[in-house]
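Just so we're on the same page: letters track the sequence lines, and every chain starts at 1. All values below come from the heavy atoms of this structure, side chains included, with hydrogens, waters and symmetry mates left out. Since the structure is predicted, the reported quantities are computational estimates derived from the model, not experimental observations.
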Amino acid sequence: MDTSVLAEGFVSPGPGDFEYSPLFGEGTFFTKPMLIIVLGTLLVAVFFYLAARRATRVPGKLQFAGESAYGFVRNSIALDSIGKEGMRYVPYLATLFFFIAVLNVAGIVPVLQFPATSRIAIPLFLAVISCIIFNSIGIKRQGFVGYFKAMMFPPGIPWPVYILLAPIEFFSTVIVRPVTLCLRLTFNMFAGHLVLLLFILGGEYLLRDYGGPVGVVAGSVSLLGSIVLTFFEGFVQLLQAYVFTLLSALYIGGALLDEH
Amino acid sequence: MATDGPDRTAPDVRGDARKGEADAWGAFGLVVSGVLVWGGVGWFVSDRLDNRLPLLVGLLVGMFAGLYLVWFRYGRA
């Protein structure tokens, strides 16, 4: 293949494609990712409001959908990973899950087509909230000294070794946990969006500009591949919302546990 | 809506899978933390003394301490 033509004509997608200029012209601040956050928040809020309004013993379709969605987070995330005490944290976990899921899935919704969670500020903010919650739960439950003692000084190690190990335990719990929560979500969404852009824009370029039998065949394969990848991306988007929520729940569960 | 959630006393296969997920990230976090914390200390000392040895020692000590913690937390029977 003549790579020089590719290098001249095709501008491959990159981090620049994640920068949006304001929607309403220069001087305004409102960008597409912000629009997606507003729409996503409204969607989740309105859906659960309508589902919970006039709740009856025999649920209608909408109430059933709302209860199933909420029940999923309650049963397979909160109760499974925290236990009975997990009931108290279902509202937070459910909000977290559906907020992330909706912002992720915006990446494959026509017209929007951008996962707002690929902008690091959103996952970072959510990870910081999760971090504050599980640490304050641990401090409240085990006391300030007790919590950090259980975290940094696991019994069964000769005391001089603690000098070496305690800072690592502290760092891994208080710093690395929220950082990995944030980065895992951000870059799963970032990479997924980049791959979709590459397949779609590359396919379009091959079909339209590169042309010839090679361009038509390769472009068609690329565009067909982008359809498969869109479905795959949808799966990853829901999975990552689940993983973020699940790990937050497990951290809360760990903080509730008294480690003797 | 009859259940109060899963029975926590029964062995739960799905629960085990979740624990595995958290443990995997926990182990990863410990190794990374070990290298960052003691490698960081080593780097700082190296920077002050203008000598590369403390950085090397810090990185190695951090790595082994992190690996030891992984074994201590997750590797014992």
Side-chain angles (χ1 to χ4, degrees), chain A residues 55 57 59 64 67-68 70-71 74-87 90 134 151-158 161-181 183-184 239 242-254 259, chain B residues 1-46 54-77:
Chain A
R57 219 162 243 291
F64 179 74
E67 282 179 358
S68 307
Y70 191 78
R74 186 188 57 195
N75 295 333
S76 34
I77 298 181
L79 291 175
D80 263 16
S81 45
I82 307 180
K84 270 194 180 152
E85 273 193 286
M87 284 305 284
V90 180
F134 84 75
M151 179 204 301
M152 293 162 69
F153 302 100
I157 296 177
V161 187
Y162 282 132
I163 300 169
L164 216 53
L165 300 187
I168 300 177
E169 291 274 17
F170 178 83
F171 194 79
S172 85
T173 307
V174 179
I175 312 281
V176 172
R177 274 182 179 184
V179 167
T180 51
L181 271 182
L183 294 185
R184 177 171 40 242
L239 182 73
Y242 172 75
V243 168
F244 194 108
T245 316
L246 173 70
L247 285 171
S248 294
L250 283 164
Y251 295 156
I252 291 174
E259 291 179 51
Chain B
M1 296 295 111
T3 56
D4 303 332
D7 179 6
R8 301 308 300 173
T9 55
D12 180 358
V13 180
R14 290 188 306 159
D16 284 352
R18 297 217 164 80
K19 185 114 190 344
E21 173 95 37
D23 287 355
W25 285 106
F28 167 77
L30 285 174
V31 178
V32 169
S33 303
V35 173
L36 285 181
V37 169
W38 290 110
V41 170
W43 172 82
F44 182 78
V45 175
S46 277
L55 173 60
L56 178 69
V57 173
L59 285 172
L60 288 175
V61 166
M63 189 181 78
F64 280 110
L67 288 173
Y68 172 75
L69 268 176
V70 171
W71 172 80
F72 184 80
R73 290 250 151 162
Y74 307 108
R76 295 176 304 165

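Looking only at side-chain heavy atoms (C-beta outward), B:Trp25 and A:Leu181 stay at 4.5 Å or farther from each other. Counting heavy atoms from C-beta on, the side chains of A:Glu169 and B:Leu30 come closer than 4.5 Å. Within the 4.5 Å cutoff, the side chain of A:Val90 has heavy atoms near those of the A:Tyr70 side chain. Taking the side chain as every heavy atom from C-beta outward, A:Phe244 and A:Arg184 never approach each other to under 4.5 Å. B:Trp38 is listed as a side-chain neighbour of A:Pro167, based on a closest heavy-atom distance under 4.5 Å.
The part of A:Leu247 that comes within reach of chain B is its side chain, from C-beta onward, which places non-hydrogen atoms under 4.5 angstrom from that chain. Heavy-atom distances place no part of B:Val41 under 4.5 Å from chain A, backbone and side chain included. Of the atoms belonging to A:Arg177, not a single heavy atom falls under 4.5 Å from chain B.
No donor-acceptor pair closer than 3.5 Å links the side chain of A:Ser81 to the backbone N or O of A:Ala249.
At most 12 heavy atoms of other shown residues, nucleotides or ligands fall within 6.0 angstrom of atom CZ in A:Phe64.
The aromatic rings of A:Tyr162 and A:Phe153 lie perpendicular to each other, with more than 60° between the two planes, well past the 30° mark.
Interface remark: of the candidates A:Thr180, A:Val179, A:Val243, A:Ile168, A:Ile168 forms the most heavy-atom pairs closer than 4.5 Å to chain B.
For a heavy-atom cut-off of 4.5 Å, chain A lies close to B:Ala65, B:Gly66, B:Tyr68, B:Leu69 in residues 64-71 of chain B.
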